[in-house]
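Notes for the one structure printed next.
Throughout, protein chains are lettered first and strands after them, A, B, ... in sequence-line order, and every chain is numbered starting at 1. Nothing here was measured: the structure is a model prediction, and the numbers come from that model.
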Protein chains: 2
Amino acid sequence: MEKKTAIAVFESLSSGLRLDVYRLLVKKGMEGMVAGEIASTLHIPPTNLSFHLKALTQAGLLSVAQEGRFQRYQANIPLMLDLIAYLTNECCAGHPEQCLPQCADTVIPFFSSTPVSSGR
Amino acid sequence: MEKKTAIAVFESLSSGLRLDVYRLLVKKGMEGMVAGEIASTLHIPPTNLSFHLKALTQAGLLSVAQEGRFQRYQANIPLMLDLIAYLTNECCAGHPEQCLPQCADTVIPFFSSTPVSSGR
DNA sequence: TCATTATTTCAACTTGTGTTGTATTATCAA
DNA sequence: TTGATAATACAACACAAGTTGAAATAATGA
């Protein structure tokens with residue numbers, strides 16, 4: 001993962017409103033939700049929601065597909081697993097057993113959907 | 001994990017400078033670094049670094065211990081694992097195999113240092 | 001075609017964040 | 001006590017982000 005990607009993810013989820021949207025879509029899984037459904041569930045004005053959906057989508061946290069005049073949004077969950085791999089990579093100077101359960105260095109990269117690299 | 005904790009973590013790491021500081025300390029592990037050492041490594045004015053160290057510490061991402069007139073900072077790595085547990089908890093309406101490797105629902109909570117809850 | 005619905009774009013305002021220099025607190029060594 | 005060093009607190013400025021209402025775009029159904 002590139003540093004700019006990690007920053008984009010953190011920026012996106014640093015808003016309580018966007019965090020609500022993302023977590024709602026994580027729960028919905030592959031089914032996703034259309035924009036209006038999200039707006040009514042979370043009681044957000046459509047104008048404002050559109051602003052935040054755009055931010056989340058540009059950060060890669062959501063994907064969107066058109067369905068007639070609806071826009072259906074889905075959470076991109078593997079990106080979160082890439083993120084923690086990026087953060088805990090090289091932890092403790094290559095000795096993650098100092099800070100994490102012993103298998104962390106093998107299991108966390110396993111969850112990542114892309115090869116682990118320092119990515120600075 | 002509480003929602004406000006998650007937001008504090010995301011806010012903290014949404015700055016490229018703070019992300020550099022955190023990742024540097026993750027690599028150092030238990031050894032940590034004193035503030036001046038971080039400042040010279042990353043070429044940040046001490047005044048500015050102090051501002052960001054305070055933000056990271058208040059978010060719980062760093063811990064600090066006094067050593068004479070030095071302040072030694074350490075990364076709180078388990079907090080990151082709690083965070084991803086918080087985010088992927090209840091994913092896909094309780095069927096994480098739809099979006100993650102099949103063992104995700106058991107392994108990710110295992111890494112968490114605190115019990116998993118919806119924590120809204 | 002024409003009215004309706006879903007969503008986004010735009011402009012304006014308000015608020016919050018990041019950076020810097022100066023001043024302050026606290027510790028150490030002589 | 002005095003001078004030097006490590007780090008933080010404070011104030012000021014520039015810049016970016018969040019919210020809202022009105023208008024625009026685009027697809028649907030009568």
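- The distance between atom CG of B/L62 and atom C1' of D/dT8, rounded to the nearest whole Å, is 16 Å.
- Protein atom CD of B/Q58 is 12 Å distant from nucleotide atom P of D/dT8, rounded to whole Å.
- Taking atom CG of B/L49 as the reference point, atom P of D/dA6 lies 14 Å away to the nearest angstrom.
- The cationic group of B/R23 lies under 6.0 Å from the six-membered ring centre of A/Y86 and within 45° of the ring axis, placing it in a cation-pi geometry.
- Taking only side-chain atoms of B/F70, from C-beta outward, the nucleotide of C/dT27, D/dA6, D/dT8 with the closest atom is D/dA6.
- Residue A/N48 contributes atom CG, which lies 14 Å from atom P of C/dT9 at whole-angstrom precision.
- Distance B/H52 NE2 to C/dT17 P: 12 Å, rounded to the nearest Å.
- Of all nucleotides listed (D/dA7, C/dT19, C/dT8), C/dT19 comes nearest to the side chain of B/L17.
- Within the 4.0 angstrom heavy-atom criterion, no nucleotide atom of any strand lies near A/R72.
- Interface remark: the A/R69 side chain does not form any donor-acceptor pair with the C/dT7 base, using a distance-only criterion of under 3.5 Å.
- For A/T47 and D/dA22, a side-chain-to-base donor-acceptor distance below 3.5 Å is present, hydrogens and geometry of angles not being considered.
- Within 4.0 Å (heavy atoms only), A/P45 reaches sugar-phosphate atoms of the nucleic acid but no base atom.
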